[in-house]
4 protein chains.
Amino acid sequence: MTDSDANRGGPTLDKRQRLVEGARVVLHQQGVEKTTIADIAQAADVPVGNVYYYFKTKDELVQAAIDAQAQDIKTMLASFDRHRSPKARLKAFLRAITDRREVAALHGCPHGTLCSELAKREDDFERAPAILMQLFIDWAEQQFRSMGRRDARDLAVAMIASYQGIMLLTNTFRQPELIVREARRLNRWIDSLA
Amino acid sequence: MTDSDANRGGPTLDKRQRLVEGARVVLHQQGVEKTTIADIAQAADVPVGNVYYYFKTKDELVQAAIDAQAQDIKTMLASFDRHRSPKARLKAFLRAITDRREVAALHGCPHGTLCSELAKREDDFERAPAILMQLFIDWAEQQFRSMGRRDARDLAVAMIASYQGIMLLTNTFRQPELIVREARRLNRWIDSLA
Amino acid sequence: MTDSDANRGGPTLDKRQRLVEGARVVLHQQGVEKTTIADIAQAADVPVGNVYYYFKTKDELVQAAIDAQAQDIKTMLASFDRHRSPKARLKAFLRAITDRREVAALHGCPHGTLCSELAKREDDFERAPAILMQLFIDWAEQQFRSMGRRDARDLAVAMIASYQGIMLLTNTFRQPELIVREARRLNRWIDSLA
Amino acid sequence: MTDSDANRGGPTLDKRQRLVEGARVVLHQQGVEKTTIADIAQAADVPVGNVYYYFKTKDELVQAAIDAQAQDIKTMLASFDRHRSPKARLKAFLRAITDRREVAALHGCPHGTLCSELAKREDDFERAPAILMQLFIDWAEQQFRSMGRRDARDLAVAMIASYQGIMLLTNTFRQPELIVREARRLNRWIDSLA
DNA sequence: CATGAATGAGCATTCATTCAT
DNA sequence: TATGAATGAATGCTCATTCAT
């Protein structure tokens with residue numbers, strides 16, 4: 001999905017886009033600290049020295065990758081609007097997650113691992129990826145509120161927590177099936193809600 | 001040996017122990033990649049060159065920190081045995097988590113962030129912290145099984161996922177209260193189980 | 001590229017060449033183990049960190065120095081072709097050696113000491129400088145064969161052994177004259193051969 | 001031979017002797033620069049900290065190893081006195097060398113590699129192992145002089161050079177047979193002398 | 001004498017960032 | 001804009017030597 005979205009509008013990406021895409025992939029796979037500018041440049045097929053024309057610092061490039069991920073999340077969540085009921089939308093979310101279980105087993109959640117890693121920093125950057133989680137929670141809260149739940153916020157936090165937690169376990173144990181079983185459970189839970 | 005004897009029972013730990021403790025603290029606060037041997041040495045008040053007398057490599061020291069964490073987890077989980085019912089034990093677990101919410105907001109779950117970060121590695125070390133998660137899941141499964149649940153495994157995974165997920169959100173948003181509310185919800189959930 | 005073009009034919013060498021030359025000189029003078037990257041960088045007037053732009057590891061730089069020495073050897077041996085008879089060529093070789101007796105007394109044979117030192121290693125590198133010796137032996141064998149000697153190989157080995165041995169003694173005793181006398185003896189020996 | 005001499009007088013060696021023996025073996029195998037005090041201590045089964053009771057510095061221990069080698073050389077050369085003629089003594093020398101060809105192929109000449117390596121140093125130590133070579137040359141000169149040769153000195157130097165050179169080639173190419181063939185040639189050469 | 005532990009200077013290597021062209 | 005090259009401050013790790021007991 002990442003690639004297909006990024007390529008929207010033509011097979012050729014300009015260098016800036018290629019760098020952001022490369023950053024997303026490599027940062028997800030290797031983590032922020034272990035990823036070098038050279039890694040990203042290579043993934044984007046851009047000369048190392050050229051990176052700094054588009055991004056003044058490594059952090060700025062990471063920020064751009066986070067922003068691009070935010071866009072992806074918005075697009076994905078918006079795509080669930082085609083379902084009429086909030087329950088159907090929530091289940092579509094679970095389905096989307098389940099579809100990515102193999103990648104999650106290998107590299108974890110692209111957003112969760114980013115939050116986890118950047119939260120260790122002591123500069124302003126530590127809060128940067130929080131925006132990604134906020135998107136999920138806000139969306140989920142909206143769904144639960146559409147269902148008439150007063151405790152929509154808590155349910156949203158609980159659901160996203162379950163999502164992030166199962167991603168972590170899936171990654172830790174390298175077992176994609178964990179997501180399948182948990183998604184099934186969450187599906188039943190959604191059904192059980194008034 | 002002399003030191004450990006001398007320090008037995010006292011507040012002063014010998015250097016090896018101090019290094020492991022320092023490693024635990026600093027690794028939790030800064031992450032594995034960003035933490036230098038010098039950081040750990042300083043935290044343990046040990047000269048840098050001396051670290052290598054006790055640990056051949058940085059990885060070995062990290063492993064020792066993981067092992068120490070495993071011990072702590074075992075001790076904590078064992079302490080819940082004083083409660084007679086499995087439900088009481090699970091609730092005691094939630095209470096223990098809630099008690100640590102301030103640290104979690106600042107630095108995340110000491111085990112979860114470790115799993116998340118090390119899973120990015122490509123050496124054997126990537127699986128090392130899985131043992132920590134396993135301890136939690138096995139313990140939780142035991143509790144649910146004591147309650148007669150056939151789906152004890154799934155419930156255990158779900159509960160630990162919720163735990164890890166809420167730790168991640170708490171850390172991401174720097175909001176300790178998230179743990180309080182989620183713990184309350186999980187408490188009710190436990191009560192609702194047959 | 002710019003530099004190499006600019007330096008073409010001139011006394012100034014580009015950095016890579018300068019590094020290889022510096023490595024040759026310093027490795028010969030100090031040996032491989034005692035020579036630091038900083039030593040070579042300084043000899044080549046190149047910042048330490050820049051060395052790694054040209055050579056991924058110290059070993060790779062050493063290998064480049066060996067290769068450069070192989071080139072020198074080939075050039076030198078080829079230069080003896082101007083002599084018509086094999087005996088004259090062998091004597092030219094002895095003269096070339098004798099000409100370098102002062103350096104040999106100070107630092108030994110640049111090839112022999114390299115072989116001696118690297119043979120102690122346990123990685124693949126231990127065999128690397130063997131190629132240098134092989135060049136000498138093959139060339140000498142060719143000369144003896146041109147003289148119609150059936151035992152060309154043995155004679156070649158014997159002669160190169162004498163060469164290497166006298167270099168070692170010259171270096172050990174810091175007596176350049178040893179080479180002069182031995183060269184004289186080998187000259188007579190060559191004359192004595194059928 | 002080394003061991004049997006060292007053990008003369010009983011199966012137990014005191015620590016100092018064990019250290020010197022360990023040093024000899026390890027220095028021969030690994031070279032001076034690559035050998036750590038810990039390596040030698042381990043080979044001698046002596047605690048690292050204890051080494052400095054017997055030897056103030058690493059150099060002093062290396063010097064002791066050189067001295068021990070000098071003793072060995074003297075003993076070996078003296079053992080050839082049982083042969084009546086100088087030619088027989090020289091041939092006995094060649095035989096002794098040939099007997100050690102396998103070790104030479106693996107680690108080079110224990111004396112030659114030491115000379116080669118230490119000659120690179122810039123302190124007083126650079127001349128230390130020259131004494132070993134001197135022993136050989138003096139002995140050989142004596143033999144040639146007994147044969148009535150006026151050029152005894154040159155012949156001695158030539159012979160020891162051949163010896164050292166073939167050791168180097170044997171080590172470089174890892175071919176023990178080189179020594180066999182060269183020894184044969186030197187044998188014939190000795191026979192050919194008036 | 002013995003010894004585990006301590007210490008700090010040094011080394012190969014990495015990498016974000018800058019610069020000259 | 002583009003890019004290969006430059007730079008220097010880290011970082012993990014080693015090791016001769018010293019010290020306390």
Side-chain angles (χ1 to χ4, degrees), chain A residues 14-16 19 32-41 45-62, chain B residues 1-6 14-16 19 32-41 44-62, chain C residues 1-6 14-16 19 32-41 45-62, chain D residues 14-16 32-41 45-62:
Chain A
D14 76 342
K15 285 190 181 176
R16 194 178 202 284
L19 281 168
V32 177
E33 294 298 337
K34 283 200 70 174
T35 295
T36 69
I37 289 284
D39 288 337
I40 297 173
D45 196 31
V46 166
V48 191
N50 204 356
V51 174
Y52 285 84
Y53 177 76
Y54 299 98
F55 303 96
K56 262 198 297 242
T57 63
K58 183 183 175 185
D59 281 0
E60 228 173 73
L61 178 46
V62 174
Chain B
M1 193 172 45
T2 307
D3 272 2
S4 64
D5 282 351
D14 77 339
K15 281 195 180 175
R16 195 176 202 286
L19 281 168
V32 177
E33 295 297 338
K34 281 202 71 174
T35 296
T36 69
I37 288 284
D39 288 337
I40 298 174
D45 195 32
V46 165
V48 189
N50 201 3
V51 174
Y52 288 87
Y53 182 79
Y54 297 96
F55 301 96
K56 269 199 288 259
T57 63
K58 182 185 174 183
D59 279 1
E60 224 171 78
L61 178 46
V62 173
Chain C
M1 191 175 44
T2 307
D3 273 2
S4 64
D5 282 351
D14 76 338
K15 282 196 179 174
R16 193 176 205 283
L19 281 168
V32 177
E33 295 298 338
K34 280 202 70 173
T35 295
T36 69
I37 289 283
D39 288 337
I40 297 173
D45 195 32
V46 165
V48 189
N50 202 2
V51 174
Y52 287 85
Y53 181 80
Y54 298 96
F55 302 95
K56 270 198 288 261
T57 62
K58 183 184 175 184
D59 279 1
E60 223 173 77
L61 178 46
V62 173
Chain D
D14 76 342
K15 285 191 180 176
R16 193 177 203 285
V32 177
E33 294 298 336
K34 283 200 69 174
T35 296
T36 68
I37 290 283
D39 287 337
I40 298 174
D45 197 32
V46 166
V48 191
N50 203 355
V51 174
Y52 285 83
Y53 178 76
Y54 298 98
F55 303 96
K56 262 198 296 246
T57 63
K58 182 184 176 185
D59 281 359
E60 225 172 77
L61 177 47
V62 173

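Below, chain A is the first sequence line, B the second, and so on; all start at residue 1. All heavy atoms count here, side chains included; hydrogens, waters and symmetry mates do not.
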Query raised in the report: Starting at CG of Asp39(C) and ending at P of dG10(E), how long is that distance when rounded to a whole Å?
Result: 12 Å
Requested in this report: With the side chain of Tyr53(B) defined as its heavy atoms from C-beta on, choose the nearest nucleotide among dA5(E), dC11(E), dG12(F).
Outcome: dA5(E)
Query raised in the report: How many Å lie between CZ on Phe55(A) and P on dA2(F), as a whole number?
Result: 13 Å
Query raised in the report: Hey, what do you get for CG (Leu61(B)) to OG1 (Thr57(B)), rounding to the nearest 0.5 Å?
Result: 8.5 Å
Query raised in the report: Taking atom P in both dC1(E) and dT21(F), what distance in whole Å separates the two?
Result: 22 Å
**Report entry** Sugar-phosphate only, base, or nothing, as touched by Tyr54(A) at under 4.0 Å among non-hydrogen atoms
**Finding:** sugar-phosphate
Query raised in the report: Whole Å only: how far is the CG atom of Asp59(D) from the C1' atom of dT17(F)?
Result: 12 Å
Query raised in the report: Does a side-chain N or O from Tyr52(A) land closer than 4.0 Å to OP1 or OP2 of dT17(E), or not?
Result: yes
Requested in this report: Could you tell me the separation between the CD atom of Glu33(C) and the C1' atom of dA12(E), rounded to a whole number of Å?
Outcome: 12 Å
Query raised in the report: CD1/Ile37(B) to CZ/Phe55(B) distance, rounded to the nearest 0.5 angstrom?
Result: 9.5 Å
Query raised in the report: To the nearest Å, how far apart are Asp45(C) CG and dA6(F) P?
Result: 12 Å
**Report entry** 5′-ward residue of the pair Asn50(A)/Lys56(D) relative to DNA chain F
**Finding:** Asn50(A)
Report task. With the side chain of Lys15(B) defined as its heavy atoms from C-beta on, choose the nearest nucleotide among dC1(E), dT17(F), dT7(E). Result -> dT7(E)
Report summary line: Of all heavy-atom pairs linking Lys15(C) and Asn50(C), the shortest is NZ-ND2, 3.0 Å
**Report entry** Base partner of dC19(F), which must satisfy Watson-Crick or wobble distances under 3.5 Å
**Finding:** dG4(E)
Report summary line: Taking for Val48(B) and for Val48(A) the nucleotide of DNA chain E with the nearest heavy atom, the one nearer the 5' end belongs to Val48(B)
**Report entry** Between P of dG4(F) and CG of Asp14(C), the distance in whole Å
**Finding:** 16 Å
Query raised in the report: Expressed in angstrom and rounded to an integer, what is the separation of Leu19(A) atom CG from dA2(F) atom P?
Result: 11 Å
Query raised in the report: So which one's nearest nucleotide on DNA chain F is more toward 5', Ile37(B) or Ile37(D)?
Result: Ile37(B)
Query raised in the report: Nearest of dG4(F), dC11(E), dA6(E) to any side-chain atom of Pro47(A)?
Result: dG4(F)
Query raised in the report: How long is the line joining NZ of Lys58(D) and P of dA9(E), in whole Å?
Result: 20 Å
Query - Residue pair Val51(B) / Ala41(B): nearest heavy atoms and the distance that separates them - result: CG2-CB, 3.8 Å
Query raised in the report: Any idea which heavy atoms bring Tyr54(A) and Glu60(A) closest together, and the distance?
Result: O-OE1, 4.4 Å
